[in-house]
Number of protein chains: 2
Amino acid sequence: MQPRAHVTLEDVARAADVSLATASRALNGMRVTPQLRDRVLAAAEKLAYTPNAHARALAGASHRTVGVICHDVTDPYFAAVAGGVMRVAGANDLLVMLASTFRDPEREIAYVSMLRAERAPAILLIGSGFEDARWERALEAELKPYLDGGGRVAVVSRHRSLKVDSVLPENRAGAAAMARALLDLGHRRFAVLSGPRALTTVADRLGGFREELAKAGVGLDPADIVEAPFTRDGGYGAMTELLARGSTATCVFALTDVMAIGACAALRDQGLSVPNDISVAGFDDIPIVRDLTPPLTTVALPLQSLGEKAMELALTENSGRRRRLLRMGGEVVLRGSTAKVGS
Amino acid sequence: MQPRAHVTLEDVARAADVSLATASRALNGMRVTPQLRDRVLAAAEKLAYTPNAHARALAGASHRTVGVICHDVTDPYFAAVAGGVMRVAGANDLLVMLASTFRDPEREIAYVSMLRAERAPAILLIGSGFEDARWERALEAELKPYLDGGGRVAVVSRHRSLKVDSVLPENRAGAAAMARALLDLGHRRFAVLSGPRALTTVADRLGGFREELAKAGVGLDPADIVEAPFTRDGGYGAMTELLARGSTATCVFALTDVMAIGACAALRDQGLSVPNDISVAGFDDIPIVRDLTPPLTTVALPLQSLGEKAMELALTENSGRRRRLLRMGGEVVLRGSTAKVGS
DNA sequence: CTGAAAGCGCTTACAG
DNA sequence: CTGAAAGCGCTTACAG
């Protein structure tokens, strides 16, 4: 049996013995004599008719599919933010096209281009921008015509030069608060497990942390900063490297919880105890860290809200000319992975 | 500044001083005199032209956006499977529309309908079906015309009556293998933290486990089976309930790792030690369970492959008439959360 | 309220 | 190889 062609509005109109226009109106809930309306609805039902979204979009009806681009759905941080996005999207009867760039900048540009072709009414960029001028220009070149065409864009996390509505986790302040909290515990010698320097998030968190330490007269030895991918395995490798370097830090600050989880695994594998031998702190407060042993000290970000707010920004008309910035604070949560020095 | 209309192929053709047809061909890599081709490409570049995907789809070109419906992106199980789907999709230049039903059957149907309207060339259903005749009929009513129209459908996990290509984790055999492994450790009194009975996955895992125990002459007291949502908090609540009932089980089998994580948290909060006071086992082997303390004994499923295979099934022509079934085995991995009885 | 018709932006036979 | 034209399946002024 060869696949039949799709049932079209015309089939429905014919079956109901009305014009195309009337069928369209009846299906879209516009004013139509009840009798005709019933005939149309019955015919549509019987034929299992589904309107062709492309024809609809082409003909000018608004398209209900928004685009979301994140680095990696598999990462609990992005999963949580995406969850927030989808909650709001679902509540607004919107379908979400979710793309994973797997942290490839080229692919990010390609996805924006595809979403633009899809005429998505909104595009959300979830995740830190890259501090790379070439990439920024290419991204802007895609986004500019999209915005000019009436597209809406919102981002979560800082993008240096993008003039779009943004939800900004307070990375800098959060990292500074964490520095203070750790200093209060008596630590004076720190190590940092960092992600790729090109990410704005890395610059902000590392900068905020370092600066606050400096205020207390505590320096950060370059040898105590290890750069690795923003993944569990990246954290594992970085921690292993740090130990190999013979670091004397009493406390390790991982720039994300996911890296902290890897770091803890590495310490365990080396027979070291957290927090007795060394304290570990993370950033984000992804759901799982509460259930680790010991539970992780971290900077808690309202992850789901980040996504919800971004979707709301994109959905809501920006009356003013200027971009809207929504700062979302983080809060230090001290848990079992960090201990007082000397206790 | 009012949003200008989108740049269209016609604009490009005019700028390049060629016909619409030639512009279209040049952009699509069909044979065109190099000179004309260059003019078209240059014009497109200058105007930041992006083809309208809707017009393209309407005009008959194939649409490169596939649909994926899962229960909850936020759940590490689905995140891992979705990751596999996206990897294959990305490699094939496909965009993924990912929808989260948040476990609402109604919403699942609604999403299939939307994806059908989008004329997605393929729809993937990730996650267990519901054993609910009304729901099954409604889903089939959506899927049938889609399939007849040439749509491709693949599912991960068992759907009772859906005649579509399927990737089937061997839930039954995996649970049976787990039962054997736990019996081998000397356990004779078990409890099960179960998800909603209406899910086929629950029926299979619980059935396989119970049956294997029965072969060894070990029964499962109904009071030792607690049903709760398939979430971390569901597992926490179920474990708490089990303790309140005064269960004497020496080993708890949670039907998913996510529930097992909640169970471990509940035990910890009650001051009980895993595995000294009680053993805990899960199912799925989501990435995080390796990093728990103690690491979780579980049935390891190749989560990413599940997604990859499903996407591949949907992408690859089904030459035969019949549905293809791809069974993917699970393997018991004994870790620290289970102990020998009496040791 | 209803219908005939134009138009959305492409692709693709069909001629040339 | 190139171009004029039809057609994809809708929506929406425009008449009536």
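Throughout, a chain's letter reflects where its sequence line sits, starting with A, and its residues are numbered from 1.
For the pair Asn28(A) and dT11(D), the criterion of a side-chain N or O lying under 4.0 Å from OP1 or OP2 is met. Between Thr22(B) and dG3(D), a side-chain N or O to OP1/OP2 separation shorter than 4.0 Å is present. For dT11(D), the OP1/OP2 oxygens have a side-chain nitrogen or oxygen of Ser24(A) closer than 4.0 Å. Applying the 4.0 Å criterion to OP1 and OP2 of dT2(C), one finds that Thr33(A) has a side-chain N or O inside that range. Under 4.0 angstrom from either OP1 or OP2 of dC8(C) there lies no side-chain N or O belonging to Thr8(B).
One can place NE2 of His54(A) at 13 Å from C1' of dG9(C), the figure rounded to the nearest angstrom. In this structure, the CD atom of Glu10(A) is 9 Å from the P atom of dC8(D), given to the nearest Å. What separates CD of Glu118(B) from P of dC8(D) is a distance of 20 Å, to the nearest Å. Here the C1' atom of nucleotide dC8(D) and the CG atom of Leu20(A) are 13 Å apart, to the nearest Å. Between Asn52(A) atom CG and dC10(C) atom P there is a gap of 16 Å when expressed in whole angstrom units. Going from atom CZ of Arg116(A) over to atom C1' of dC10(C) covers 16 Å, rounded to whole Å. To the nearest angstrom, P of dC1(C) lies 11 Å from CG of Leu36(A). Here the C1' atom of nucleotide dA6(C) and the CG atom of Leu58(A) are 14 Å apart, to the nearest Å.
Ranking dT11(D), dC10(C), dG3(D) by closeness to the Ala59(A) side chain, first place goes to dT11(D). Counting only heavy atoms from C-beta on, Ser19(A) has its side chain closest to dA4(C) among dA4(C), dC1(D), dC1(C). Checking dC10(D), dG3(D), dC10(C) against every side-chain atom of Pro51(A), the shortest atom distance belongs to dC10(D). For Ala21(B), whose side chain is taken as the heavy atoms from C-beta onward, the closest listed nucleotide among dT12(C), dC10(D), dA13(D) is dT12(C). Closest to the side chain of Leu9(A), from the set dC10(D), dC1(D), dG9(D), is dC10(D).
Nucleotides dA6(D) and dT2(D) are separated by 22 Å at their P atoms, to the nearest Å. Nucleotides dC10(D) and dC14(D) are separated by 24 Å at their P atoms, to the nearest Å. Comparing dA13(D) with dG9(D), their P atoms sit 23 Å apart, to the nearest whole Å.
The pair Asp132(A)-Arg160(A) fails the salt-bridge criterion, with no side-chain N (NZ, NE, NH1 or NH2) lying under 4.0 Å from an Asp/Glu carboxylate O. Using a 4.0 Å cut-off between charged side-chain N and carboxylate O, Glu312(A) and Lys309(A) make a salt bridge. Salt-bridge check for Arg324(A) with Asp165(A): passed, with a basic side-chain N closer than 4.0 Å to an acidic carboxylate O. With respect to the salt-bridge test (charged N to carboxylate O, under 4.0 angstrom), the residues Arg107(A) and Asp93(B) do not qualify.
Across all strands shown, dA4(D) remains unpaired; no Watson-Crick or G-U wobble contact has both distances below 3.5 Å. If you check dA13(C) for Watson-Crick or wobble pairing at under 3.5 angstrom, you find it has no partner at all.
The one candidate from Glu118(A), His54(A), Arg56(A) that meets the side-chain hydrogen bond (donor to acceptor under 3.5 Å, both in side chains) condition with His54(B) is His54(A).
Residue order along DNA chain D, read from the 5' end via each residue's closest nucleotide, puts Arg31(B) first among Arg31(B) and Ala55(A).
When all heavy atoms of Arg39(B) and Asp17(B) are compared, the closest pair comes out as NH2-O, 3.2 Å.
The base of dG9(D) does not come close enough to the side chain of Arg119(B) for any donor and acceptor atom to sit less than 3.5 Å apart.
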